[in-house]
2 protein chains.
Amino acid sequence: MASFGFRGHDHTACVADRMAAVEAQCAEKKLQLTPIRRRVLELLLEHHKALGAYDILKALEAEGRPAQPPVAYRALDFLTTHGFAHKIERLNAFVACSDPGHGHAPTFLICRDCNTVAEEPGTLSREALAETANLAGFQIEKAVVEAEGVCPLCRDEP
Amino acid sequence: MASFGFRGHDHTACVADRMAAVEAQCAEKKLQLTPIRRRVLELLLEHHKALGAYDILKALEAEGRPAQPPVAYRALDFLTTHGFAHKIERLNAFVACSDPGHGHAPTFLICRDCNTVAEEPGTLSREALAETANLAGFQIEKAVVEAEGVCPLCRDEP
DNA sequence: TTGCCGGGTGTTACACTATATCAATTTTTG
DNA sequence: CAAAAATTGATATAGTGTAACACCCGGCAA
């Protein structure tokens, strides 16, 4: 069984819940959750770790729906633009957002062994960041924290 | 005149000072600041913004010292490994470190117009981060904040 | 001296990541 | 329905990064 936030959980229900939440948001905002976009999001949720665009293409091919790179990148662009997924720059890979529709300064805990990514809210003090930015006259539009290390599962079972 | 931290400064002196500091550290730690490594660091300092590996290769070629990609990546690997430069994942580019030999959780303010990068210390609360990590049983090895926005120069002169 | 060994460099070739472009199709909207 | 907009399909190519091997040069031990 996969892990989420490095703790065990009912993954099947987890995926279903998140899909339902995204569907609801898409309906509300009149966004088109097309079959491809939907499937890509499901893949991210199922694997529950950072997947590269080409991992997704491989998965699509494996299930008899081969596609070219732009297909994956367009779906991922849709998902990230609307906050349903995030790009982990450090890995050139993507993860499903754990809490669509909220905050804008997530912290990612990235395991360097298994590439599992836990998304935690609010490590970054909004005040501290705003203060730093103001000091420099800089206008922040978005900010992320990427922390790399070892997750508990990989630490215990090397 | 270029800007540093979005404020004007004596850039020639700035470059010289930083080079001297890095030289001192290399001498102390018995690191080989070879001509190529030295030149790459100088390029980063002179431009004072994020440069891609291929930007550096172009610059080297322009000054009559053509080189292949591994040359740039090796130099950059040396510089980043020893804390003389940082990689900005968001840009697939590199900047000289503004304060070699210190802290490990820098905040980068990245201008989306001109790619200038300001490195500010300590926006990220070590305590908050440690707390978040402990909560998840995660062992952090390094963390960075990458904030994207508009620098004062680009905001005033669009 | 000789020979080894390690780090650094030069070079070729290749792998991985991402986007531009245009045509074809579907969906939305007036 | 017709026009406009959004999505998809497909080809080609751009941009980023590394593997692998040969070569050179310095130190150092036999």
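So you know, we letter chains A, B, ... as the sequences are listed, proteins then strands, and number each from 1. Fair warning: this is a prediction, and the values are worked out from it, not measured in the lab.
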Could you list where the contact with chain A starts and ends along DNA chain D, reading 5' to 3', using a 4.0 Å heavy-atom cut-off?
-> dA6(D) to dT11(D)
With [X] via side chain to side chain donor-acceptor pair (under 3.5 Å) - residues at least two apart:
{"X": "Glu23(B)", "answer": "Arg38(B)"}
{"X": "Lys29(A)", "answer": "Gln25(A)"}
{"X": "Glu61(B)", "answer": "none"}
{"X": "Glu89(B)", "answer": "none"}

Using a heavy-atom cut-off of under 4.0 Å over every strand shown, decide if Arg37(A) touches base, sugar-phosphate, or nothing.
->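 Sugar-phosphate: the residue Arg37(A), judged by heavy atoms under 4.0 Å, touches backbone atoms but no base.
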Of the residues in residues 78-89 of chain B, which ones touch DNA chain D at a heavy-atom distance under 4.0 Å?
-> Lys87(B)
Could you check which residues of residues 53-60 of chain A get a heavy atom under 4.0 Å from DNA chain D? Sort them by number, please.
->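 Result for residues 53-60 of chain A: none.
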What pairs of residues pass the ring pair (Phe, Tyr, Trp, His ring centres under 6.0 Å) test when at least one of them lies in residues 74-94 of chain B, not counting sequence neighbours?
->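 For residues 74-94 of chain B, and leaving out neighbouring residues, the ring pair (Phe, Tyr, Trp, His ring centres under 6.0 Å) pairs sorted by first residue read Phe78(B)-His82(B), His86(B)-Phe108(B).
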Does the side chain of Leu43(A) come within less than 4.5 Å of His47(A)'s, by heavy atoms?
-> yes
Ile56(B) side chain reached by Leu76(B) side chain, heavy atoms, under 4.5 Å |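 Yes, at least one pair of side-chain atoms sits under 4.5 Å.
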Between the first and last five pairs of the helix from dG6(C)-dC25(D) to dG30(C)-dC1(D), the angle of the axes, rounded to 10 degrees | 30°
Can you tell me which residue pairs pass the side chain to side chain donor-acceptor pair (under 3.5 Å) test with a partner in residues 62-75 of chain A, sequence neighbours excluded?
->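 Side chain to side chain donor-acceptor pair (under 3.5 Å) check on residues 62-75 of chain A returns Arg39(A)-Glu63(A).
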Looking at residues 69-76 of chain B, who's got a heavy atom less than 4.0 Å off DNA chain C?
->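 Pro70(B), Val71(B), Arg74(B) - these, ordered by number, are the residues of the stretch whose heavy atoms sit under 4.0 Å from the strand.
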Hey, can you pull the residues of residues 28-36 of chain B with a non-hydrogen atom under 4.0 angstrom from DNA chain C?
-> Gln32(B), Thr34(B), Ile36(B)
Hey, mind stepping through Arg155(A) and Gln139(B) against side-chain contact (heavy atoms from CB on, under 4.5 Å) and telling me if it holds?
-> CA-CA 9 Å; Arg155(A) 191 181 43 188; Gln139(B) 191 170 356; 3.1 Å; yes
Residue-phosphate contact under 4.0 Å: Asn92(A) side-chain N/O, dA18(C) OP1/OP2 | yes
